[in-house]
Protein chains: 2
Amino acid sequence: MDVEKSIAALNNPMRRKILEWLKDRSNFPPALPEHADLDGVCVAYIQEKAQLSQSTISNYMGLLKQAGFVSAERHGQWTFYRRNETNIRAFLSAVQDELLKS
Amino acid sequence: MDVEKSIAALNNPMRRKILEWLKDRSNFPPALPEHADLDGVCVAYIQEKAQLSQSTISNYMGLLKQAGFVSAERHGQWTFYRRNETNIRAFLSAVQDELLKS
DNA sequence: CATATATATCGAGATATCTCGATATAATGC
DNA sequence: GCATTATATCGAGATATCTCGATATATATG
């Protein structure tokens with residue numbers, strides 16, 4: 001739990017937006033039939049919704065992953081990103097402690 | 001509650017450290033007798049503990065104030081900064097909502 | 001193996017943040 | 001008014017972040 005890196009990752013409106021979008025798979029186009037069993041979203045879908053360049057989104061997802069907010073799983077040519085709820089809660093808990101605990 | 005501005009203010013280790021120090025007045029030198037009734041800390045004390053320049057600390061406190069994390073009160077030539085617990089909790093609540101609420 | 005597709009990485013210009021010293025402002029005391 | 005003290009603001013160089021297009025890598029398919 002690197003609070004430093006996590007806050008830096010959140011210090012960008014689009015990255016926070018992406019984390020919100022990932023709460024609900026239906027924010028993105030339906031998965032291909034062969035990916036029906038996977039609960040992540042591929043980079044191209046995120047890029048389409050964010051309207052930023054492919055490299056920027058790939059970079060963003062890398063930062064969110066390093067911060068622990070998302071997990072990535074490769075399947076063939078696709079990388080599926082999904083929220084890591086455990087780590088998100090751990091971050092919130094850590095920030096809460098840092099800001100409130102005496 | 002400007003989450004954007006708040007996260008930016010927290011995106012710096014020393015500013016977070018200062019917020020932690022302000023939890024406990026005894027992290028700083030004792031107040032002057034004439035300030036005994038005030039529960040804030042003056043800039044000079046914060047600067048001494050942080051070991052950064054006066055202008056940097058003044059800037060930091062300004063950012064923390066704009067984010068709502070601290071309140072400032074002028075008394076003569078001194079400005080006393082103290083945590084704004086209400087706003088800190090409001091921020092935590094907002095981030096929690098943004099990250100978790102569906 | 002050649003081509004196509006999806007993603008990651010690289011390099012760079014634009015912009016923002018950091019942090020300082022210098023200076024300005026405000027209040028105090030003589 | 002003048003000197004001192006506390007804080008705020010200004011201007012700037014150093015560093016970091018943003019975001020892109022170009023390129024590299026990995027996989028799938030013919």
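Chain A is the first sequence line, chain B the second, and so forth, proteins listed ahead of strands; every chain is numbered from 1.
- Per the geometry, CD belonging to B/Gln47 stands 11 Å off P belonging to D/dA6, to the nearest Å.
- Within 4.0 Å of A/Thr79, counting heavy atoms only, lie sugar-phosphate atoms of the nucleic acid but no base atom.
- Note: CD (B/Glu4) to C1' (D/dT17) measures 13 Å, nearest angstrom.
- Nucleic acid contact class of B/Tyr81 (heavy atoms, under 4.0 Å, all strands): sugar-phosphate only.
- Within 4.0 Å of B/Asn12, counting heavy atoms only, lie sugar-phosphate atoms of the nucleic acid but no base atom.
- D/dA8 atom P lies 12 Å from atom CG of B/Leu63, rounded to whole Å.
- Summarising the geometry, the separation between CG on A/Asn59 and P on C/dG11 is reported as 15 Å, rounded to the nearest angstrom.
- With 3.5 Å as the limit, one finds no donor-acceptor pair spanning the side chains of B/Ser58 and B/Ser55.
- Here A/Glu73 pairs with A/Arg82 in a salt bridge; the nearest charged N to carboxylate O distance falls below 4.0 Å.
- Using a 4.5 Å cut-off on side-chain heavy atoms (C-beta onward), A/Asn87 and A/Phe69 make no contact.
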Each nucleotide of nucleotides 22-30 of chain D classed B (base within 4.0 Å of a protein heavy atom), S (only sugar-phosphate) or -, in 5' to 3' order, makes B----BS--
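- B/Arg83 contributes atom CZ, which lies 3.5 Å from atom CD1 of B/Ile88 (distance to the nearest 0.5 angstrom).
- Across the protein-nucleic acid pair, B/Ile7 atom CD1 and D/dT17 atom P stand 16 Å apart, rounded to whole Å.
- Atom pair A/Leu52:CG and C/dT7:P shows a separation of 16 Å (rounding to whole Å applied).
- Taking atom CD1 on A/Ile57 and atom P on C/dA8, their separation rounds to 11 Å, with Å as the unit.
- For the atom pair B/Asn27 CG and B/Ile18 CD1, the distance stands at 12.0 Å (nearest 0.5 Å).
- In this entry the distance linking CE of B/Met14 with C1' of C/dT17 reads 16 Å, nearest Å.
- For A/Thr56, a side-chain nitrogen or oxygen approaches OP1 or OP2 of D/dC20 to under 4.0 Å.
- The residue B/Asn11 sits close only to the backbone: its heavy atoms come under 4.0 Å of sugar-phosphate atoms, none of a base.
- Heavy-atom contacts from other residues, nucleotides or ligands closer than 6.0 Å to NZ of A/Lys65 number 12 or fewer.
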